[in-house]
2 protein chains.
Amino acid sequence: MDAQKSDLLQGTLDVLILKIVALGPLHGYGIAQRIRQISKAVLQVQQGSLYPALHRLEKRGWLRAEWGEAETGREAKFYSLTKVGRKQLESETANWDRLSEAVTMILRTAE
Amino acid sequence: MDAQKSDLLQGTLDVLILKIVALGPLHGYGIAQRIRQISKAVLQVQQGSLYPALHRLEKRGWLRAEWGEAETGREAKFYSLTKVGRKQLESETANWDRLSEAVTMILRTAE
DNA sequence: TTTATATGCCTAGCTAATCTACATATACGG
DNA sequence: CCGTATATGTAGATTAGCTAGGCATATAAA
């Protein structure tokens with residue numbers, strides 16, 4: 001009802017996750033934390049968005065998952081980037097650059 | 001099935017339309033053309049996205065519509081920005097800047 | 001001791017945006 | 001006369017992300 005109050009730019013979650021995982025294998029909870037930290041709390045991934053996204057990316061073969069032990073000593077599922085995932089990250093990053101530049105160009109247009 | 005092949009950055013259509021209309025009243029077809037032109041064909045609005053969006057924005061009070069005559073001599077519905085619409089454009093533009101910078105920051109992060 | 005907070009995983013169900021694909025109509029150039 | 005560009009629209013499907021829940025453990029605070 002609330003006319004969309006997104007904590008993300010729609011459509012960018014996948015590329016964000018791929019990028020964070022490319023920096024080193026990490027578990028879901030940690031991925032969300034990193035996105036929040038690096039973006040200085042501008043971008044916030046809800047858990048109801050995060051986990052389905054991770055499963056989606058794994059199913060598409062871009063991420064690989066395996067259980068391991070988190071820094072805290074607790075069990076956690078660690079995700080790492082596959083070779084195909086790295087390709088995908090590159091292509092999605094290029095696409096982001098292209099599209100975001102275009103949007104910015106329009107928004108900066110003076111009449 | 002085709003894993004989303006968007007011609008837009010999801011969620012940016014509204015602000016794009018508001019911006020184009022802010023440059024001067026224009027009809028739907030023309031709005032789509034301008035977006036395509038300014039972005040050098042990077043951004044392309046499908047008609048099935050365009051018209052529902054226009055009706056949405058009008059219903060929310062950000063656009064005002066009135067029938068008039070296009071340059072071609074044909075009847076067309078011209079949209080112009082309301083006062084509230086201008087506010088909305090400002091706020092959505094600021095939001096875009098904030099979010100897109102955050103996304104770019106993450107994608108540029110070196111490990 | 002009980003309780004709150006942080007960590008960690010997950011699903012169900014909803015909404016909203018966008019897409020594809022259609023339908024309609026006029027003007028113009030060949 | 002026919003194809004293309006202009007111009008408006010809807011129906012139906014898909015999909016992403018959200019809210020709101022559930023489960024479990026560890027630790028800090030009360």
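Computed from heavy atoms alone, side chains included, the values below leave out hydrogens, waters and symmetry copies. Throughout, protein chains are lettered first and strands after them, A, B, ... in sequence-line order, and every chain is numbered starting at 1.
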Shortest non-hydrogen contact from A53(A) toward L13(A) = CB-CD2, 3.8 Å
Which whole-number value in Å describes the distance from E66(B) CD to dT8(D) P?
-> 14 Å
Under 4.0 Å: is that the gap between some side-chain N or O of H55(A) and OP1 or OP2 of dT11(C)?
-> yes
Rounded distance in Å - NZ (K59(A)) to P (dA16(D)) = 11 Å
Test salt bridge (Lys or Arg N to Asp or Glu O under 4.0 Å) applied to R56(A) - qualifying residues, sequence neighbours left out = D14(A)
In whole Å, what is the span from the CH2 atom of W67(B) to the P atom of dT8(D)?
-> 6 Å
Sequence neighbours left out, what pairs pass salt bridge (Lys or Arg N to Asp or Glu O under 4.0 Å) with at least one residue falling in residues 98-110 of chain A?
-> R108(A)-D97(B)
What side chain to side chain donor-acceptor pair (under 3.5 Å) pairs are there with at least one residue in residues 71-80 of chain A, not counting sequence neighbours?
-> H27(A)-E71(A), R64(A)-S80(A)
Rounded to whole Å, CG of D7(A) lies from C1' of dA16(D) at a distance of 14 Å
Whole angstrom is fine here: how far is it from CZ in R56(B) over to C1' in dT15(C)?
-> 12 Å
Restricting to pairs with a member in residues 91-111 of chain B, which pass ring pair (Phe, Tyr, Trp, His ring centres under 6.0 Å), not counting sequence neighbours?
-> none
When the distance from OH of Y79(A) to C1' of dC10(C) is rounded to whole Å, what number comes out?
-> 10 Å
Interface polar pairs with nucleotides 6-8 of chain C, N/O, under 3.5 angstrom:
unit_1	atom_1	unit_2	atom_2	d
dT7(C)	OP1	Q33(A)	NE2	3.4
dT7(C)	OP2	Y29(A)	OH	2.9
dT7(C)	O2	R74(A)	NH1	2.2
dT7(C)	O2	R74(A)	NH2	2.8
dG8(C)	OP1	T72(A)	OG1	2.7

Whole-Å distance between dG17(D) C1' and L43(A) CG?
-> 14 Å
With the side chain defined as heavy atoms from C-beta on, P52(A) is closest, among dG17(D), dT11(C), dT18(C), to dT11(C)
Sequence neighbours excluded and cut-off under 3.5 Å, please list the side-chain donor-acceptor pairs for residues 34-48 of chain A, or say none.
unit_1	atom_1	unit_2	atom_2	d
R36(A)	NE	Q44(A)	OE1	3.1
S39(A)	OG	I35(A)	O	2.8
S39(A)	OG	R36(A)	O	3.3
S39(A)	OG	V42(A)	N	3.4
S39(A)	OG	L43(A)	N	3.0
S39(A)	OG	L43(A)	O	3.4
Q44(A)	NE2	A41(A)	O	3.2
Q46(A)	NE2	D7(A)	OD2	2.7

Let me know the distance between CG of L54(B) and C1' of dA7(D), rounded to the nearest Å.
-> 12 Å
